[in-house]
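Notes to accompany the following structure.
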Amino acid sequence: MDLGIRGRTAIVCASSQGLGLACARALAEAGVSLVVNGRNAALLEQAAADIRRATGVDVQSVLADVSTAEGQAALLAACPSPDILINNNGGPPFRDFRELDRQDMLAGVTMNMVTPIELIQQVIDGMAARGFGRIVNITSISVKMPLAGLDLSSAARAGLTAFVAGVARKFADKSITINNLLPGSFDTQRLRGGFAAASKRTGKPESAMAAQAMAEIPAKRFGTPAEFGQTCAFICSVHAAYMTGQNILLDGGAYPAAF
Ligand SMILES: NC(=O)c1ccc[n+]([C@@H]2O[C@H](COP(=O)([O-])OP(=O)(O)OC[C@H]3O[C@@H](n4cnc5c(N)ncnc54)[C@H](OP(=O)(O)O)[C@@H]3O)[C@@H](O)[C@H]2O)c1
């Protein structure tokens, strides 16, 4: 399917590996020029080179922490007028909520709520003036159902979700869509890191923890980053122009509800 976005430009935050990288890759396959981003130089350059080689699109890499004002300025300096913004970031570590102090909580809210809102603030008027915009926030299934040890992450992402619900409607007549993609369990470093931590806690092997998690998913497997990225690219396509303000679960059926 031609997504109709060839020649467009995108900033994909936190995209040197995992879900962000998969979104960048799928957009590049659709002919979108990219800014990719991360804090580890070697990983970032590798990701940028791989996408360039595979797709031939223009890829700039911005080595920066997206949660900081300087990081955001660097992203926007590389691509001042993006047509597409993919908001992604790391997430707070698994932790019992009683261990979180005020600083931890503010950092979590900054990462997963304030940072994406700040970036939206900086790009949305330009998108409106040019008459096209696609904003996708990578959030989590935990916005809809609690995940033990991820309370801070869930709350910050739920805050973002509520915030953009109004913004999406305000800009719906400007050919801008804002949607949230909610990953369940995707096979990335972050997911595997969770099993490693759980293995240390319980003494069970990582493979057993992973197998148990898979068994609880109706699809009986983890998602692949590539399928996540392709869904993101579709949401950024011309075909998805009438979809805005939505929370799209990609979870192999893990969220157990009809609606
Ligand atoms: N995988 C899942 O199943 C799943 C499920 C629910 C929610 N999520 C959420 O989805 C997001 C992506 O997850 P993932 O699984 O793709 O994680 P991942 O494999 O750990 O990749 C995270 C990416 O973000 C970059 N990054 C992290 N913090 C950054 C920062 N402050 N500034 C710039 N880049 C940063 C990392 O590079 P550097 O570390 O080098 O900066 C890396 O490229 C996370 O917020 C995660 O909590 C994932």
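Both ligands and their constituent atoms are indexed starting at 1 by order of listing. All of these numbers come straight from a predicted model, not from anything done at the bench.
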Worksheet entry | G20, any N or O under 3.5 Å of ligand 1 N or O | no

Discussion item. Regarding ligand 1, does I141 bring an N or O atom to under 3.5 Å of one of the ligand's N or O atoms?
Written reply: no

Discussion item. Residue-level breakdown please: for P183 versus ligand 1, do any non-hydrogen atoms fall below 4.0 Å on the side chain, on the backbone, on both, or on neither?
Written reply: both

Worksheet item: Side chain, backbone, both or neither: which part of S142 comes within less than 4.0 Å of ligand 1 when only heavy atoms are counted?
Response: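 S142 to ligand 1: no contact under 4.0 Å from either part.
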
Fill in: Interatomic spacing from CE in M111 to CG in L160 - rounded to 0.5 Å
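CG of L160 is found 13.5 Å from CE of M111.
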
I need the atoms of ligand 1 closer than 4.0 Å to a non-hydrogen atom of [X], numbered in the order shown.
X    : result
G18  : 16 (O), 19 (O)
A64  : 32 (N), 33 (C)
Q189 : 19 (O)
S185 : 3 (O)
I138 : 10 (O)
G90  : 27 (C), 28 (N), 45 (O)
S140 : 6 (C), 7 (C)

So which protein heavy atom does [atom] come closest to, and at what separation?
atom                    : answer
atom 14 (P) of ligand 1 : T188 OG1, 3.7 Å
atom 27 (C) of ligand 1 : R39 NH2, 3.3 Å
atom 17 (O) of ligand 1 : R190 CB, 3.5 Å
atom 2 (C) of ligand 1  : F186 N, 3.7 Å
atom 24 (O) of ligand 1 : A14 CB, 3.2 Å
atom 36 (C) of ligand 1 : S16 OG, 4.0 Å
atom 31 (N) of ligand 1 : D65 OD1, 2.8 Å
atom 42 (C) of ligand 1 : Q17 CG, 3.5 Å

Scan side-chain atoms only and decide if [X] and [Y] contain a donor-acceptor pair under the 3.5 Å cut-off.
X    : Y    : value
T177 : T244 : no
S61  : E45  : yes
R157 : T161 : no

Practice prompt. Apply salt bridge (Lys or Arg N to Asp or Glu O under 4.0 Å) to the pair R95 and D151, showing each step before the final yes or no.
Written response: CA-CA 8 Å; R95 204 178 286 174; D151 311 287; over 6 Å; no

Practice prompt. Look at atom NZ of K200 and say whether more than 12 heavy atoms of other residues, nucleotides or ligands are closer to it than 6.0 Å.
Written response: no

Worksheet entry | CD (Q103) with more than 12 external heavy atoms under 6.0 Å | no

Worksheet item: Among N40, L43, N89, which residue places a heavy atom closest to atom 45 (O) of ligand 1?
Response: N89

Fill in: Heavy-atom nearest neighbour of atom 11 (C) of ligand 1 within options N88, L147, L19
N88

Judged by non-hydrogen atoms, does [X] sit under 4.0 Å from ligand 1?
X    : answer
G184 : yes
R157 : yes
S153 : no
T139 : yes

Discussion item. Please tell me whether F195 and F222 form a close aromatic pair, meaning their ring centres lie under 6.0 Å apart.
Written reply: yes

Discussion item. With clusters defined by side-chain heavy atoms of hydrophobic residues (ILVMFWY) lying less than 4.5 Å apart, directly or transitively, does I178 cluster with V114?
Written reply: yes

Worksheet item: For the side-chain contact (heavy atoms from CB on, under 4.5 Å) test, which of I120, L85, D83, I84 pairs with M127?
Response: L85

Worksheet, complete the sentence: Given the options V35, N87, L27, V12 meets side-chain contact (heavy atoms from CB on, under 4.5 Å) only with L27

Short side-chain to backbone donor-acceptor contact, [X] and [Y], under 3.5 Å:
X    : Y    : answer
T68  : G71  : yes
Q122 : E118 : yes
N37  : A64  : yes
Q246 : N179 : no

